[in-house]
Amino acid sequence: MQLKGKKKGDSMKSNDYGPLFPSIPRVLHGADYNPEQWLDYPEILTEDLRMMQLTKCNVMSVGIFAWSSLEPEEGQYDFAWLAKILDDLYANGQYVFLATPSGARPAWLAQRYPDVLRVNKDRTKNTFGLRHNHCLSSPAYRHKVAKINGELARRFGHHKAVIGWHISNEYGGECHCERCQSAFRAWLQHNYQTLDRLNEAWWSTFWSHTYTNWQQIESPSTHGETMVHGMNLDWRRFVTEQTMEFMQAEIQAVRVDAPYLPVTTNFMEAFEGLDYWKMAPLLDFISWDSYPTWHEPRTEAKKASWVAMIHDMSRSMKQGKPFVLMESTPSATNWQPISKLKRPGMHLLSSLQAVAHGADSVQYFQWRKSRGSSEKFHGAVVDHVGHEHTRVFDDVREVGDALEKLSAVVGTTVDAKVALIFDWENRWAIQDAQGPRNAGIHYEQTVHAWYHALWQQGVAVDVIDQTQPLDAYSLLIAPMVYLLRPGFADKVSEFVKNGGVFVATYFSGIVDEHDLCYLGGFPGPLMDVLGIWSEEIDSLYDGETNRLHIDPSVYQGMKKSYDVIELCDLFHTKTAKVVATYSDDFYAHRPAVTLNHYHEGHAYYVGARTKQDFIDDFVSFLLQRHSVASHLNTRLPEAVSVSIRTNGRDQFIFLMNFSQKTQSIMSEQLHGRELFTAMAIKGSIILKPFGVAVVQQS
Ligand code: GLA
Ligand code: ZN
């Protein structure tokens, strides 16, 4: 069945971005570099430069935690070492992301200005130590950060080596000091204007929690309020905005003297504590730190698709613009429960996976292993042995050689006609909700399960939140959209009206942006487009199953029946027709999956949580039925993935084998030259275990 009416997915997003840094028309390759740890070992710094050349590294992130070396005592700066390092790096062929050092503070600063220290949720105050533990509203901290940032910009903002700012490092956490609480109250007052509106939004007559004075409001506390869900949501929004304000102050400080240098901050995967979508517009390019636990038994493909999903989200955060893989480990981490080494092949594969999904860089934590303290065993390009004759160094060299052959990919993007919704505010609300499954509501896993099916079938996906435009897509999958953000339901209705295909699941359209339940039936404002009314939701104990029944003669490629687990929505059709029914229990024969023809489009409702098999088959059915193309229009072997980068003219087909078996891929579209071997490819390719190939299509 073709999409009727206006063909969705015709809207043009830009797909020719050019290099992120005009002076470097190559894929970036580099690492966090901490020369301040080695200033007393000049021979090591010289060795670093030699070895950087061997790896074809062209960028280093410098100064991330260097504050006490830059300002050993208040107001006494020592920039000479950094000046020399930047000069040496530039002369050696490495550009620099210069970091602002706010991620960790010198001891003198904490001693002299104790209000920089963070107060935890249990109201205890930190002593000096660790990192990322400052009060975001402390005037002293803001002042000192602005000062050091300004000094760095003045001295180095125009240095030829410096191509961008690495603002702080992995922002995260929250402070509950009195000042931050006042800021929270002011934020609430600004947003609600009156206490009546706040009391309504927080439904505070429940348990007699009505506030009669703004001063009565305290931030969530381990021994105070934790169960007013509207408040929890607002607190999380506040923390994101407070972090943004802090970040913006940092950016302003470096922009005084270096107004044109692009800025980023390194995101932590899908870190729950901050709504990265809100932060993204303040950054010139997105960057993130990727540390998957590769090689856990039986999870390689799932792990790979999770990482691919975060890459796709990072690209989508700037509507397709290439992003930077700011950190990854060349071997193992030292902080995961099991620090397993990357097996041969995995370093190249995982590095190129980032590029396949839109990264124009591969960077590591860290260039050289530190000698002491907590990260002395974290993987690095250069090990304690100090020379280049190591397996890991060889792996990094291999990546350096490969990236050099991918310069033509720089500035291209992935052109997706499918969007998957992964939304922070929804995630916060759904995890906080005390409801049908307190033993793990599994929102992220559910989003990932749908992504995994698309990934395994070689489909390009944008991973977006509810605030993003939908007109570029033909298929929109929105698992568990429990909280509907303002305007989302209208946007979805328009999307389907105009011929789009929409898939929603159980536990959707339950609350508004204040976490207040929709009155008049679920899925609230999505009821018309989905053509159903959901009455109640059943929860199954772990290990229990129901089944759903579907007619494979109508729904081609599907099996007759599938297990359902954990959550079963008991809903009624209004205008939708039944696609599948439950098999067992008192709701046997009632609808489990439905389809609503809505104007020019189609809206599916999957009422029950299923295992991966249903999602895989259903996605495959949707792609076929609604003519949504996959990358190579072929069935990919298990754990093999494909991603195509394009600028609208050239196509670069990345083929990745995340299995330990040799795999072959056949497709009529596989025609061109493989960029690492220079071999001509005509319709098929063989990938060795953990193998990767890039075919430039002709
Ligand atoms: C994070 C930090 C780095 C380092 C690595 C270790 O990503 O940004 O400073 O601690 O983790 O994996
Ligand atoms: Zn504070």
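When reading the values below, keep in mind they use all heavy atoms of this one structure, side chains included, and skip hydrogens, waters and symmetry mates.
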**Message:** Restricting to side-chain contact (heavy atoms from CB on, under 4.5 Å), what partner residues turn up for P322, sequence neighbours left out?
**Reply:** Y17, D360, R645
Under 3.5 Å donor-acceptor pairs involving side-chain atoms of residues 682-698, not counting sequence neighbours:
residue, atom, partner, partner atom, Å
Q697, OE1, Q651, NE2, 3.3
Q697, NE2, Q669, O, 2.7

**Message:** Would you say the rings of W306 and Y451 are close, in the sense that their centroids are separated by under 6.0 Å?
**Reply:** no
**Fill in**
Rounded to the nearest 0.5 angstrom, the NE2-CD1 distance for H631 and I644 is 5.0 Å
**Prompt:** Are S620 and Q624 linked by a side-chain donor-acceptor pair shorter than 3.5 Å?
**Reply:** no
**Among F618, F502, Y555, the one residue meeting ring pair (Phe, Tyr, Trp, His ring centres under 6.0 Å) with Y604** = F618
**Item:** Reported CG-to-OG distance for the pair L454 and S305, which is rounded to 0.5 angstrom
**Value:** 10.0 Å
**Complete:** Note: F621 and Q556 closest approach over all heavy atoms is CD1-O, 3.7 Å
**Short N-O contact, E444 and R427, less than 4.0 angstrom** = yes
**Request:** Using atom types as modelled and distance alone, determine if a side-chain donor or acceptor of N266 lies under 3.5 Å from a backbone N or O of W288.
**Result:** no
**Request:** State, with a plain yes or no, whether a side-chain heavy atom of D471 is found less than 4.5 Å away from one of E494.
**Result:** no
**Prompt:** How far apart are the closest heavy atoms of F422 and W277, and which atoms are they?
**Reply:** O-NE1, 4.1 Å
**Asked** Is the F323 to H311 ring centre distance short of 6.0 Å?
**Response** yes
**Message:** Tell me if a side-chain donor or acceptor on K342 pairs with a main-chain N or O of V392 at a distance below 3.5 Å.
**Reply:** no
**Message:** Hydrogens and angles aside, do Q94 and Y33 bring a side-chain donor and acceptor to less than 3.5 Å of each other?
**Reply:** no
**Prompt:** For the atom pair CE (M558) and CG (L548), what is the distance rounded to the nearest 0.5 Å?
**Reply:** 7.5 Å
**Prompt:** When you measure from the side chain of D551 to the backbone N and O of S553, does any donor-acceptor pair fall under 3.5 Å?
**Reply:** yes
**Request:** Could you please spell out the steps behind the side chain to side chain donor-acceptor pair (under 3.5 Å) verdict for N426 and Q466?
**Result:** CA-CA 9 Å; N426 177 51; Q466 292 182 30; 4.8 Å; no
**Prompt:** How long is the gap from CE on M346 to CG on L341, to the nearest 0.5 Å?
**Reply:** 12.5 Å
**Request:** Apply side chain to side chain donor-acceptor pair (under 3.5 Å) to N15 and N647, showing your working.
**Result:** CA-CA 5 Å; N15 52 14; N647 52 15; over 6 Å; no
**Prompt:** Is R391 paired with D394 through a side-chain N to carboxylate O contact shorter than 4.0 Å?
**Reply:** no
**Request:** Measure the acute angle between the ring planes of H378 and F365, then classify it against the limits of 30° and 60° as parallel, tilted or perpendicular.
**Result:** perpendicular
**Heavy-atom donor-acceptor pair, S630 side chain to V459 backbone, under 3.5 Å** = no
**Prompt:** Which is it for H295 and K340 under the side chain to side chain donor-acceptor pair (under 3.5 Å) test, yes or no, and what are the steps along the way?
**Reply:** CA-CA 8 Å; H295 313 305; K340 198 173 176 87; over 6 Å; no
**Request:** Evaluate whether atom CD of E668 has more than 12 neighbouring non-hydrogen atoms of other residues, nucleotides or ligands under 6.0 angstrom away.
**Result:** no
Listed pairs under 3.5 Å, donor-acceptor, residues 633-642 side chains, sequence neighbours left out:
residue, atom, partner, partner atom, Å
T634, OG1, M666, O, 2.7

**Message:** So if I apply the side-chain contact (heavy atoms from CB on, under 4.5 Å) rule between S361 and each of V59, N58, L28, V355, which one comes out positive?
**Reply:** L28
**Where C57 and G30 come nearest, the two heavy atoms and their spacing** = SG-CA, 3.8 Å
**Message:** For a quick test of reading the model, state the closest non-hydrogen atom pair linking F654 to M656 and the distance between them.
**Reply:** O-CE, 3.8 Å
**Request:** Take R547 and S561 through the test side chain to side chain donor-acceptor pair (under 3.5 Å) and record every step on the way to the result.
**Result:** CA-CA 6 Å; R547 310 253 326 144; S561 91; 2.4 Å; yes
**Prompt:** Would a distance-only check, ignoring hydrogens and angles, find a side-chain to backbone donor-acceptor pair under 3.5 Å from E327 to D32?
**Reply:** no
**Message:** Has R315 got a side-chain atom pairing as donor or acceptor with H357's backbone, closer than 3.5 angstrom?
**Reply:** yes
**Asked** Checking W455 side chain against K302 main chain: does a donor-acceptor pair fall under 3.5 Å?
**Response** no
**Minimum-distance pair of heavy atoms, taken over all atoms of V501 and F495** = O-CE2, 3.4 Å
**Message:** Are the side chains of R343 and Q660 in contact, using a 4.5 Å heavy-atom criterion?
**Reply:** no
**Asked** Between Q456 and D616, is any side-chain donor less than 3.5 angstrom from a side-chain acceptor?
**Response** no
**Item:** Value rounded to 0.5 Å, distance of NE2 in H671 from CD1 in I653
**Value:** 10.0 Å
**Message:** Could you check whether N596 and Y605, counting side-chain N and O atoms only, form a donor-acceptor pair closer than 3.5 Å?
**Reply:** no
**Prompt:** Salt bridge check: are D16 and R649 linked by an N-O gap of less than 4.0 Å?
**Reply:** yes
**Request:** Using atom types as modelled and distance alone, determine if a side-chain donor or acceptor of D462 lies under 3.5 Å from a backbone N or O of S316.
**Result:** no
**Request:** Quick one: pull up CG in N498 and CG in L470 and give me the separation to the nearest 0.5 Å.
**Result:** 10.5 Å
**Asked** Do the two ring centres, one from H29 and one from Y364, sit under 6.0 Å apart?
**Response** yes
**Item:** Donor-acceptor contact below 3.5 Å, side chain T505 vs main chain M480
**Value:** yes
**Asked** Between K303 and E300, is there a salt bridge with N-O shorter than 4.0 Å?
**Response** no
**Message:** Quick check against the 3.5 Å criterion: does Y443 have a side-chain atom that pairs as donor or acceptor with the backbone of D423?
**Reply:** yes
**Message:** For a quick check under 3.5 Å, do T264 and H166 share a side-chain donor-acceptor pair by atom type?
**Reply:** no
**Message:** Salt bridge check, D395 against R397: does any charged N sit closer than 4.0 Å to a carboxylate O?
**Reply:** no
**Asked** Is a side-chain donor-acceptor pair under 3.5 Å present for Q336 with S339?
**Response** no
**Asked** What heavy-atom pair brings V381 and F393 nearest, and what distance separates the two atoms?
**Response** O-CD1, 3.6 Å
